[in-house]
Trainee: 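Mind having a look at this structure? Questions to follow.
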Amino acid sequence: MGPKRKSTGSLNATPKKGKKDVDSGTQSTLDAFLGIKSLVSPGGNKRDGSVTSQTSAERDENGEKIPAAVLAGDQFEQWEEWPPETWATNAKPRKGFDSVRDVAGPELVPGPVVETSAVSISVQPVDEPVLPINECVETRPPYWQSGPTPYRLLAERFAAVSEVTGRQVITEKLTHMLRLIIRHAPQDLLPALYLSSNNIAPAYEGIELGIGPQILVKAITSISDMSSKTIKATWDVKGDWGDVVVAARMSTQMLVQPKPLTVAGVFSTLQKIAAMKGQGTVNQKADLVKKMMIACQGEELRFLTRTLVSHLRIGAVRTTILIALSHAVLLEHDIPADVLKSLSKDQLKARVKTAEQTLKECYAQVPNYDIIVPLLLNPDIGLARIIAECKCMPGVPIRPMLGKITRDLTEVFENLEGMNFCADYKYDGQRAQIHRSDSGEITIFSRHLETMTDKYPDIITLIPSIITPSTTSFILDAEVVAIDEAGAVASFQTLSNRARKNVAEGEVKVKVCVYAFDLMFLNGVSLITESFRTRRDAMRKAFVPVEKRFAFVEQLESKEPDEIQAFLTQSLQNGCEGIMVKILDTPSTTSTSTRRSLLATYEPDKRTESWLKVKKDYLSTLADSFDLVPIGAWYGTGRKATWYSPILLACWNPETECFESFCKCMSGFSDAFYKSMKDRYSPESGKLLPGPKSYFTISDSQRPDVWFLPSEVWEIRGADLTVSPVHQAAMGKVDEAKGISLRFPRFIKVRDDRSVEDATTPDEIVHMFTRQRVRGPEPVKEAAEEDMGGDNEVEDDEII
DNA sequence: TTTGACTGCCC
DNA sequence: ATTCTGC
DNA sequence: GCAGAATGGGCAGTCAAA
C-alpha cells in the first residue's frame, strides 16, 4: 500500500455538517420556483460529507492503517464563509477517517498554491441576485457572453447544487441553468440534460461509456505526476473520483490551457468514447479523457470526472432534473413574458404543478429526451400539447409500475380493506416488457429499460404461438423464469447463467418460461388508464398459454386472509419469492372518504400501494436469519465517508475453529449505529488488528481496509443463499471450489446474548441452503418453523 | 490461448 | 435488490 | 411519502496482460 509516513495538514475554515445551511423549508414552493428569496448561503453542507480538516495519518508496523482518535465532527459546528481560494486549492480529506487513512504521500501536502483557475471557482455567483423572473435569465455569467454553452456553466451549477440539500433550492438552481440554455443556446439543452442526468443516451439504446476507475487512473497518471499507486491511495482518502482528480492535477503544474470546454463538445466526446470498441480502445478512451481533463478549469474537472464514472452526486437525478426541465420550459416557452406578469400567484402555482405532472407522465411513457426535448421546444407543441405526443407505443419502453414493500400480511388487509384485489405469484426471475409493433417487430426490455431482445431469441419465436389471431400490437408485462427439463421453475442464479449476446436460438442452454401478469397496450390502444381487472381480462383473451413456455402468473382472487396466507406459503413452496397483491378495480370515490384513493390503473414509474409486494424475507416469521461476526470493514464513501461501510461478516466453523467470510453488509445500519461502531472499533478499543488473524478464512478479493478482532455477533437477514465464487463459508460443502453467501444481506440487530462461538456454523448454512432448494409439488415444511439462525423472540404472526 | 481485471446490469 | 435520511 | 445515496451477490461480456 501507500508509503509509511506522517503528514500534517492545515486546518481550514470548514463548512459545517448538518442542516443549518439552507432554510428552504420555510420558503414557499412558488417563491422558490420564481427564484425570489433565493438567499442561500454558500458553504453549506457538502453532500459528500467532506471537510477541510486534516490530521496525521499513521500506520502500524505491518503497514495497516490504524484509526487514530477520531475527529469530532461537532467541533466544526459553526460555519464560515469559505473563500474560493481556500477550497479550490486544499485537499478535502474525508472527515473522521482522515486520521485512519494514509494521506497519500507528499503530493497531497498543501504546498505552494499553483492553482491556475481559482477565479473560476465561485461561491458568490452561485446564487443569482434577486431578480424579477422575467429578467434573471437575461444576465449570463461573464464567461459566457455569446456562442455555445460553456461546460463551465454546468460545472458551476453542479457545484452550487451539491452545496445545498433542499429540494426546492436544488430545483431552482437547475431550473435557472436550463432557462439560460433554452434562452441563449437551445441546441445545447439536450446535451445539457444528458450531462445533468448522468446519461449519454436513452437506456434502451444500449450505449455504454465503458469507463471506470481503470481508464481514469490511466488518464490521471498521464496528466499528473502521481503514480497509479498514489492515485489509489488518494481514492482511499477521498472516496470520490472527482475529488481525486482535482487533487491529482494540483500536484503538477498544468499551465497550458486549451480552449474552454463546451457542453456540446463534452457530450459529443462522451459519445465518441462510447462508440469505441475493440482492441486498443482502452488507451484511446484514456486519451480522450485526458484531453478533456487538460482543458478543464475550476470545477469542471471534478464534475467531468464524476460524469465519467457515472456518479455525479449532486443530489438530483432523474426526477429532479425532470421537474427543473418542466419549470424551465414553462417559463421560457409556454408562458409568454407579458402573460407571466399578469398571472396571480395561485394561477402560476397551478401551472407549475401541471407542468411537473405533464412532463413526468410523458417521461414515464416515453423515457427518451431525444424525443421529448424537440417536442418541448417546438412552438406548436410545448408543455401544452406534449402529452398527446408522448403516449406509450410498442418499440419504446415504458417505465414499469412497481410494488410497495409490505412487512406483514395484516398490513395488506388494512391497506386494501373494502377494495377488490387479487394476489399474483412473484416469480424469481427477470422482469421483461415484451413489445410487438403492428409490423410484427418484437422488442424486449428489462426493468431498467435496457434492450434485451438479443438475449431471448426463444421468446421472439415463441410469440406467434401465444397470441390469438386478433392480437397484433401489444406491450406485455412479464417475468422470465428459468425452468428445468420438467418445467419446474429454477433459481434466479440459474437464469443468470444465461448468455446475453449473440444468442442463437438453437443454442439456448438455460430454458425459460414467460409468466405474464399485465398488458399495457393492445392492438393500437393504450390500456394504462384501464383498471387492472380490465387489463388482465384483455390479456387472458389476447394470449394463450403454451406449456413450459408461456403462462399467466398464478393468481388468487380472494379476500379471505387464510386463503391468501395459504397462497403465499404455496408460492414459496413453488420456488417464488412471494406474492404481489394488486387492486383490481379503482374504488368509487364516495366510499371511504378518509383514505387516499388507490388506483387500479397502470401507473408507470410509480411505487404505489396499488401493488403490494409480500416477500418471504420481509416477514420475520419466514425469513432466515444468521448470527454473524464482523471481522473487517472498508471505509465508506460519499455519505458514509466517515464510517465503516460495508462490513465483512463471517460465520464460525467450530471444526476448524475458523471464521469464514460469508457476506458483506451495508444495509440496515442507522447513522447512530455507524457512529457507535466507530467507537467500538477505535484504536483504543484494541479491536483493530494489524492484519487478518490466521483463523480468518477469506479470499483475496475480499480483503477489507481494516481488520476486526472477532468480538460481536450480529443478526443478519437476507433473501436466499447463493453458491459463491468468493465467499468461503461452507467452502466445499455444496460445491468443491465454492462457498455459500447471502442475497440481499441486511443488519437487523446486535446479539448481545451471544458470543462469537455461538455464531451460525457452516453446517447450519448448508442445511438452510439444502432446504431452500426443495421445490415443486412436495411441501417444504410448516412455514413458521424456526430453527437455526436463532430467532429467539419471534412472536407469532397470526393473520388478523 | 488462457486468465483475470474491469464494467455493466440483473436481482 | 434493501435500507436509511432529509425534506 | 418521495427522492437520493450507498452499496449487497453474482453473472456474462470485453479487452489487456500473461
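Naming: A, B, ... by sequence-line order, numbering from 1 per chain.
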Trainee: Report the distance from atom CD of Glu172(A) to atom P of dC7(C), rounded to the nearest whole Å.
Mentor: 16 Å
Trainee: Send over the distance from Arg407(A) CZ to dC4(C) P, rounded to a whole Å.
Mentor: 8 Å
Trainee: Sugar-phosphate atoms are those with a prime plus P, OP1 and OP2; base atoms are the rest. Using that split, label each nucleotide of nucleotides 8-18 of chain D B, S or - for protein heavy atoms under 4.0 Å, 5' to 3'.
Mentor: BSSBBSSSS--
Trainee: Closer than 4.0 Å, any side-chain N/O of Lys613(A) to the OP1 or OP2 of dT2(C)?
Mentor: yes
Trainee: Can you check the Met452(A) CE to dC9(B) P distance for me, whole Å?
Mentor: 13 Å
Trainee: Base, sugar-phosphate, or nothing: which does Phe669(A) touch, judged by heavy atoms less than 4.0 Å apart?
Mentor: sugar-phosphate
Trainee: For Arg717(A) and dT3(C), is the shortest distance between a side-chain N/O and OP1 or OP2 below 4.0 Å?
Mentor: no
Trainee: Check whether any side-chain N or O of Lys606(A) sits under 4.0 Å from OP1 or OP2 of dC2(D), and answer yes or no.
Mentor: no
Trainee: Looking only at the side chains, is there a donor atom on one of Ser724(A) and Thr722(A) sitting less than 3.5 Å from an acceptor on the other?
Mentor: no
Trainee: What's the spacing between Tyr194(A) OH and Gln271(A) CD if we round to 0.5 Å?
Mentor: 8.5 Å
Trainee: Atom CG of Leu495(A) to atom P of dC10(B): distance rounded to whole Å?
Mentor: 11 Å
Trainee: Give the rounded distance in Å between these two atoms: CG of Leu612(A) and P of dG1(D).
Mentor: 12 Å
Trainee: Looking at Asp458(A) and Arg498(A), is there a salt bridge between them, counting it only when a charged N and a carboxylate O are closer than 4.0 Å?
Mentor: yes
Trainee: Hey, is Lys613(A) close enough to Asp424(A) for a salt bridge, meaning N to O under 4.0 Å?
Mentor: no
Trainee: Atom NZ in Lys616(A), atom OG1 in Thr621(A): separation rounded to 0.5 Å?
Mentor: 11.0 Å
Trainee: If the condition is side-chain contact (heavy atoms from CB on, under 4.5 Å), which residues does Leu402(A) pass it with, not counting sequence neighbours?
Mentor: Arg431(A), Arg447(A), Arg607(A)
Trainee: For the aromatic rings, using the six-membered ring if either is Trp, is the centroid distance between Phe673(A) and Trp714(A) under 6.0 Å?
Mentor: yes
Trainee: Please tell me which of the listed nucleotides, dC10(B), dC7(C), dT7(D), lies nearest to the side chain of His448(A)?
Mentor: dC10(B)
Trainee: Mind calculating the distance between CD (Gln430(A)) and P (dA1(C)) to the nearest angstrom?
Mentor: 12 Å
Trainee: Does a side-chain N or O from Tyr618(A) land closer than 4.0 Å to OP1 or OP2 of dT2(C), or not?
Mentor: yes
Trainee: May I ask you to verify if any side-chain N or O of Thr637(A) is less than 4.0 angstrom from the OP1 or OP2 atom of dA6(D)?
Mentor: no
Trainee: Distance check, C1' atoms only: dT7(D) and dC10(B), in whole angstrom units.
Mentor: 15 Å
Trainee: Looking at Arg431(A), I'd like to know whether one of its side-chain N or O atoms comes within less than 4.0 Å of OP1 or OP2 on dA1(C).
Mentor: no
Trainee: Run the salt-bridge test on Arg302(A) and Asp243(A) with the 4.0 Å N-O cut-off and return the result as yes or no.
Mentor: yes
Trainee: Do the ring centers of Tyr644(A) and Tyr674(A) come within less than 6.0 Å of each other?
Mentor: no
Trainee: Distance check, C1' atoms only: dA1(C) and dG8(B), in whole angstrom units.
Mentor: 15 Å
Trainee: Would one find a side-chain N or O of His311(A) under 4.0 angstrom from OP1 or OP2 of dA5(D)?
Mentor: no
Trainee: For dG6(C), take OP1 and OP2 only and decide whether either is under 4.0 Å from a side-chain N or O of Arg639(A).
Mentor: no
Trainee: Would you tell me if any nitrogen or oxygen in the side chain of Arg746(A) comes within less than 4.0 Å of OP1 or OP2 on dT3(C)?
Mentor: yes
Trainee: Starting at CH2 of Trp643(A) and ending at C1' of dA5(D), how long is that distance when rounded to a whole Å?
Mentor: 12 Å
Trainee: Please report, rounded to the nearest Å, how far the C1' atom of dT2(C) is from the CG atom of Asp720(A).
Mentor: 14 Å
Trainee: Go through dA1(C), dC11(B), dG4(D) for me and flag the one nearest to the Lys615(A) side chain.
Mentor: dA1(C)
Trainee: For a quick check of understanding: with a heavy-atom distance under 4.0 Å over all strands, which category does Lys426(A) fall into, base, sugar-phosphate or nothing?
Mentor: nothing
Trainee: For the side chain of Thr320(A), counting heavy atoms from C-beta on, which of dG8(B), dC4(C), dG4(D) is nearest?
Mentor: dG4(D)
